[in-house]
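Presented below is the structure to which this report refers.
Residue numbers start at 1 and run along the sequence shown.
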Amino acid sequence: MKFFLDTASIKEIKEGIELSMVDGVTTNPTLLSKETGDPIEILKSISKIVKGPVSAEVISTDVEDMVKEGKKLADISENINIKIPVTFNGLKATRILHEKNIKVNMTLIFSPSQALLAAKAGASFVSPFVGRIDDISGYGMDLVEQIMTIYKNYNFQTEIIVASIRNPVHVVEAALTGAHIATMPFNIMHLLVKHPLTDIGIERFLNDWNKIYRGNTDIS
Ligand code: E4P
């Protein structure tokens, strides 16, 4: 399973890369608005430091402008893919960009039928938002399971990016479905590593070691 970092923060991306946890990055207008500076310049910097795919979202809602914006964003770098919301116009724009060999990540996916249509329109990625479904008392991971089954049934090559991840359990559940990618905020990547029993275990080992050797033996 690939891990994408769901952020526009250069600092977080650099640290994630050092930890070998970043196979790609997803941004959205909200994430970019949290950073200082011109969004296009930020996307340029991100696409330079990240080897894998970087998602950049369009703001327009009509077909012509989405395509124009998509082309402009795709010109930033070869690893940029264009995030387009799944609407009638979004599906039309996706087909046009796909035919121009520009990769699209259809976003704001909340139903299996939306994911099916996105794949038929030529999307390279779909982003089901599991956390936002859970937020309204649904079970977002059911959606991921359903999309996985549909894509397997018809051999679609579209990759599923499990998005709107809120906790480490979401990541594990996404991995159990076999979804290709999980995109998560920086704090969730950290939580995947942390375990209180690991910390307690280290403390105990060090205490026991020091009881005997009192720090006088150097085994490093
Ligand atoms: C990523 O592609 C999505 O834009 C992001 O995961 C949405 O997360 P949120 O529901 O926490 O805003």
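To the nearest 0.5 Å, atom OG1 of residue T149 and atom CG of residue N153 are 6.5 Å apart. Rounding to the nearest 0.5 angstrom, the gap separating the CG atom in L176 from the CE atom in M141 is 9.0 Å. How far CD1 of I160 is from OG1 of T177: 6.5 Å, rounded to the nearest 0.5 Å. With rounding to the nearest 0.5 angstrom, the CZ atom of F88 is 9.0 Å from the NZ atom of K92. Between the CG atom in L117 and the CE atom in M106 there is a gap of 9.0 Å [rounded to 0.5 Å]. Residue E64 holds its CD atom at 6.0 Å from NZ of K68, rounded to the nearest 0.5 Å.
Of the residues T7, D6, L43, the one that meets the side chain to side chain contact (heavy atoms under 4.5 Å, CB included) test with T27 is L43. S55 pairs with exactly one of T107, N105, T183, T26 by the side chain to side chain donor-acceptor pair (under 3.5 Å) rule, that one being N105.
Taking the side chain as every heavy atom from C-beta outward, R166 and D135 approach each other to under 4.5 Å. With contacts defined as side-chain heavy-atom distances shorter than 4.5 Å, the pair E159/S124 does not qualify. Between E57 and P85 there is a side-chain heavy-atom pair separated by less than 4.5 Å.
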inquiry  = The test is side chain to side chain contact (heavy atoms under 4.5 Å, CB included); show your working for K2 and H180 and say whether it passes.
reply    = CA-CA 6 Å; K2 289 180 199 150; H180 312 84; over 6 Å; no
request  = Could you go through the side chain to side chain contact (heavy atoms under 4.5 Å, CB included) check for T198 and I202 one step at a time?
outcome  = CA-CA 6 Å; T198 305; I202 292 170; 4.3 Å; yes
task = Test side chain to side chain contact (heavy atoms under 4.5 Å, CB included) on L73 and I40 and set out the steps.
result = CA-CA 8 Å; L73 291 168; I40 297 290; 3.8 Å; yes
ask   = Between I133 and Y139, is a side chain to side chain contact (heavy atoms under 4.5 Å, CB included) present by the stated rule, with each step listed?
value = CA-CA 6 Å; I133 295 175; Y139 184 55; 5.9 Å; no
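In terms of heavy atoms, L31 sits closest to A8 at O-CB, 3.7 Å. Contact record, D23 with P53: O-CD, 3.5 Å, taken as the closest heavy-atom pair. When all heavy atoms of I13 and L5 are compared, the pair lying nearest together is CA-CD2, 3.7 Å. Shortest non-hydrogen contact noted between P168 and L191 is CG-CB, 3.6 Å. Pairing each heavy atom of P39 with each of L32, the nearest pair is O-CD2, 4.2 Å. Residue M189 comes nearest to F4 through the heavy atom pair CE-O, 3.8 Å, listed as atom of the first residue, atom of the second, then distance.
At a threshold of 4.5 Å between side-chain heavy atoms, the hydrophobic network of Ile, Leu, Val, Met, Phe, Trp and Tyr places V104 and V58 in one connected group. A continuous path of hydrophobic side-chain contacts links I165 to L19 [ILVMFWY only; heavy atoms under 4.5 Å]. Hydrophobic clustering (side-chain heavy atoms under 4.5 Å, transitive across Ile, Leu, Val, Met, Phe, Trp, Tyr) keeps I84 apart from F125. Under the 4.5 Å side-chain heavy-atom criterion for grouping Ile, Leu, Val, Met, Phe, Trp and Tyr, I188 is connected to V130 within one hydrophobic cluster. I181 and I82 are assigned to two separate hydrophobic clusters, defined by single-linkage of ILVMFWY side chains at heavy-atom distances under 4.5 Å.
A donor-acceptor pair is defined here as one N or O able to donate and one able to accept, closer than 3.5 Å; no such pair exists between the side chain of Y154 and the backbone of L116. In terms of modelled atom types and a separation under 3.5 Å, the side chain of S164 and the main chain of R132 share a donor-acceptor contact. Checked by atom type and distance alone, the side chain of T158 pairs as donor or acceptor with a backbone atom of A123 at under 3.5 Å. Not a single donor-acceptor pair under 3.5 Å links the side chain of S77 to the backbone N or O of I80. Side chain of N89 to main chain of T61: a donor-acceptor pair is present (N/O by atom type, distance under 3.5 Å, no hydrogens or angles). Within the 3.5 Å criterion, the main-chain N or O of S60 finds a donor-acceptor partner in the side chain of E69. Here the side chain of E35 pairs no donor or acceptor atom with the backbone of S33 at under 3.5 angstrom.
Around atom CD1 of I59, more than 12 heavy atoms belonging to other residues, nucleotides or ligands sit under 6.0 Å away. Counting heavy-atom neighbours within 6.0 Å of E99 CD, excluding the residue itself, gives a total above 12.
With respect to K44 and E41, a salt bridge is recorded, a charged nitrogen being found less than 4.0 Å from a carboxylate O.
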